[in-house]
Student: 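Before we start, here is the structure in question, set down as structure tokens.
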2 protein chains.
Amino acid sequence: MEVRRDIFQAIADPTRRAILVLIATQAMTPNAIAEEFHTSRQAVSKHIQILTECELVKQEQKGREIYYSLEIEKMKEIDKWLSQFRKIWEARFHQLTDVLSTMKKQKK
Amino acid sequence: MEVRRDIFQAIADPTRRAILVLIATQAMTPNAIAEEFHTSRQAVSKHIQILTECELVKQEQKGREIYYSLEIEKMKEIDKWLSQFRKIWEARFHQLTDVLSTMKKQKK
DNA sequence: TATAAATGCAATTATTTGGTTGCGCAAACC
DNA sequence: GGTTTGCGCAACCAAATAATTGCATTTATA
């Protein structure tokens, strides 16, 4: 839990992914998040710490409560990485539709 | 290295991500892949095993060589998971452009 | 002001991970 | 036919990870 700390490692854990979905639309406290899962508050706290380290969540202190919410901008990094593969599958899709349209033309 | 085996855990490792990029456009043998990194063939083999288990790569045997390549369809699963967040950031983008266009109109 | 609530932080532990080493087994090559 | 090459597989090991437990600290509340 020390060295590696990137966004891909962060979303590798299913609990962390669930947390991200949970706080995507509304800020939540650690206690409230923990209640949603079968985990302890401390465990949630650790996950949030990891998410914070790679800037996936932001926090807002309100009295003794801390509200955590998703830093949506950071999620774009995954999208960016994925785009190189998206290019490939889109290219294949176009190839396929090209073939189909050629077949259609030939039928005429 | 036994129980959990999903695509997010698979792409958590930087070496595995690099392998995926490497074999995205051309099928490669374990030896050829290992030469690209600072790892042993066996280490690569293990990574490929993990990638195979979650169906991210396919293989084709040619004599004593095995060519591994990316199963691009599986990558769409990440895209699918990401789409729920994409909705959010696109919504915010539209909100922003709406505000900007309103300001522009008011200026006129 | 004492007590309860909300949280972070450190120490500990069991499990998982990534890597190495050492096989064994086919397929190619001499 | 013997040797080399390309692999996978199993055992082993050090490091990382996820979770628990036990505090300490700050902010509400009675």
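So that the names make sense, note that chain A is the first sequence line, chain B the second, and so on, each numbered from 1. Predicted, not measured: the structure shown is a model, and the values here were computed from it.
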Student: Ignoring backbone atoms, establish whether A:Asn31 has a side-chain N or O less than 4.0 Å from OP1 or OP2 of C:dA5.
Tutor: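 It does not, given that no N or O in the side chain of A:Asn31 lies less than 4.0 Å from OP1 or OP2 of C:dA5.
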Student: What is the separation between atom CZ on A:Phe37 and atom P on D:dT20, rounded to the nearest whole Å?
Tutor: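 Interatomic distance, CZ of A:Phe37 to P of D:dT20: 14 Å.
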Student: Over how many whole Å does the gap from B:Arg41 atom CZ to C:dG18 atom P extend?
Tutor: 18 Å
Student: Does A:Gln61 or A:His38 map to a spot on DNA chain D nearer the 5' end, using the closest nucleotide for each?
Tutor: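 Going by which nucleotide is closer to the 5' end, it is A:His38.
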Student: How close or far is atom P of C:dT17 from atom CZ of A:Phe8, stated in whole angstroms?
Tutor: 19 Å
Student: With a cut-off of less than 4.0 Å, is there a side-chain N or O of B:Ser40 near OP1 or OP2 of C:dT20?
Tutor: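 For B:Ser40, the contact criterion (side-chain N or O under 4.0 Å from OP1 or OP2 of C:dT20) is met.
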Student: Quickly work out the B:Gln49 CD to C:dG19 P distance and round it to whole Å.
Tutor: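 Going from B:Gln49 (CD) to C:dG19 (P), I get 14 Å.
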Student: Take the protein atom CG of B:Asp13 and the nucleotide atom C1' of D:dA15, then report the distance between them rounded to whole Å.
Tutor: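 Taking atom C1' of D:dA15 as the reference, CG of B:Asp13 is at 14 Å.
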Student: Assign A:Gln42 to base, sugar-phosphate, or nothing according to its heavy-atom contacts below 4.0 angstrom with the strands shown.
Tutor: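 Base contact.
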Student: Rounded to whole Å, how long is the line connecting atom OH of B:Tyr67 with atom C1' of C:dA27?
Tutor: 13 Å
Student: Can you check the A:Lys62 NZ to C:dA5 C1' distance for me, whole Å?
Tutor: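 The answer, rounded to whole Å, is 18 Å.
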Student: Checking contacts here: which listed nucleotide (D:dG8, D:dA18, D:dC9) is nearest the side-chain heavy atoms of A:His47?
Tutor: D:dA18
Student: Quick one: does B:Gln61's side chain have a donor or acceptor within less than 3.5 Å of a partner on B:Gly63's backbone?
Tutor: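 Pair found, side chain donor or acceptor close to backbone of B:Gly63.
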Student: Let's see if you can work this out: which of D:dA19, D:dC7, C:dC9 has an atom nearest to the side-chain heavy atoms of B:Glu65?
Tutor: D:dC7
Student: Of all the nucleotides listed (D:dA18, D:dC7, D:dA11), which has the minimum atom distance to the side chain of B:Lys46?
Tutor: D:dA11
Student: Can you see if the side chain of B:Thr29 gets near the phosphate of D:dG6 - specifically, an N or O under 4.0 Å from OP1 or OP2?
Tutor: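 No, because none of the side-chain N or O atoms of B:Thr29 sits under 4.0 Å from OP1 or OP2 of D:dG6.
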Student: Can we say B:Asp13 and B:Lys46 salt-bridge, meaning some charged N sits less than 4.0 Å from an Asp/Glu carboxylate O?
Tutor: no
Student: Does a salt bridge link B:Lys80 with B:Glu77, judged by any charged N lying under 4.0 Å from a carboxylate O?
Tutor: no
Student: Is a side-chain donor or acceptor of A:Arg16 paired with a backbone partner of A:Ile11 at a separation under 3.5 angstrom?
Tutor: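 No: the side chain of A:Arg16 does not pair with the backbone of A:Ile11.
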Student: Any side-chain heavy atom of B:Val57 sitting closer than 4.5 Å to one from B:Glu71?
Tutor: no
Student: Taking the side chain of B:Arg64 as heavy atoms from C-beta outward, which of D:dC7, C:dC29, C:dG18 is closest to it?
Tutor: C:dC29
Student: May I ask you to verify if any side-chain N or O of B:Gln9 is less than 4.0 angstrom from the OP1 or OP2 atom of C:dT17?
Tutor: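 B:Gln9 to C:dT17 OP1/OP2: side-chain N or O found under 4.0 Å.
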